[in-house]
Amino acid sequence: MKYWLMKTEPTTYSVDDLANESDLTTCWEGVRNYQARNLLRDEIEEGDRVLFYHSACKTPAVVGLATVARGGYPDHHAWDKKSHYFDPKSDPESPTWFMVDVKLDQKLERPVTLAELREEATRARSPLSDMVLLQKGSRLSVQPVTKKQFDRVVKMSQS
DNA sequence: GCCAACGTTGGC
DNA sequence: GCCAACGTTGGC
C-alpha cells in the first residue's frame, strides 16, 4: 500500500463536497500535469491512502483522509468538448490523461495547517523534513508521502 | 493582489 | 535543441 497527498482548491471542490457525495466517492479528474499523470496512471492503486489537502485558500491544510477506490483509468473529461478539462490532444484510443477515484474515510478532527507542517518539519529527525509538499517551489497536485509522514500528519490532527 | 517558481509553447 | 514569452500554481 502506498500513500499520497492530493491537493484541491476548496472553492472548486472541498472536503465537504466529498463528504456530501452519496457514496463519499468522487473521481479525481482534471489533472493536466505529466508528472502527476504518471503517478495517476502508473503508481496509484486501489486501497492506497490519501491525505486530502486544501490549497490556494485562506488556511492551506490537510483536512481529510481518503482511500483510493479505483486505480488509474482514462480521464474521459479530456475528450468531452463541453468539459472545462477538454483537451483536443487527448485521443480516446490512446488517452493522455488519467484519474483515480477517491473515497473519504474521515474529515480530520482538526485540520493540520501548512504552517504546522512547516513547524513540525523543523524538529530534529522529523519525518516531515523531506515532505514533498514543503519543498521550495513544489506544486505537484498529486504527490507521494511516506507512511511515516502520513502517520505523523494523522497524529498531529489528533492532538 | 503580488510574485516566485515551475511548466508549456513555439519561433528560430 | 535552445530559450524567451506566456500561463498556472499557490503561499503570503
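So you know, we letter chains A, B, ... as the sequences are listed, proteins then strands, and number each from 1.
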Student: Nucleotide by nucleotide, 5' to 3', does protein get under 4.0 Å of the base (B), only the sugar-phosphate (S), or neither (-) in nucleotides 1-11 of chain C, counting heavy atoms?
Tutor: ------BBBSS

Student: If only side-chain N and O atoms count, and only distance matters, is there a donor-acceptor pair under 3.5 Å linking A/Gln135 with A/Asp130?
Tutor: no

Student: Which distance, rounded to the nearest 0.5 Å, do you find between the CD of A/Glu9 and the NE2 of A/His54?
Tutor: 10.5 Å

Student: Once side chain to side chain donor-acceptor pair (under 3.5 Å) is applied, do any residues pair with A/Ser126, and if so which ones, sequence neighbours excluded?
Tutor: A/Glu120

Student: Side-chain contact test, heavy atoms from C-beta onward, threshold under 4.5 Å: evaluate it for A/Tyr73 versus A/Arg41 and give yes or no.
Tutor: no

Student: Through what angle, rounded to 10 degrees, does the axis of the helix from B/dG1-C/dC12 to B/dC12-C/dG1 turn between its ends, using five pairs per end?
Tutor: 10°

Student: Between A/His77 and A/Tyr85, what is the ring plane arrangement, given parallel below 30°, perpendicular above 60°, and tilted in between?
Tutor: perpendicular

Student: How close do A/Asp16 and A/Lys107 get, heavy atom to heavy atom, and via which atoms?
Tutor: OD1-NZ, 2.7 Å

Student: Does one side chain, of A/Trp28 or A/Asp101, offer a donor that lies under 3.5 Å from an acceptor on the other?
Tutor: no

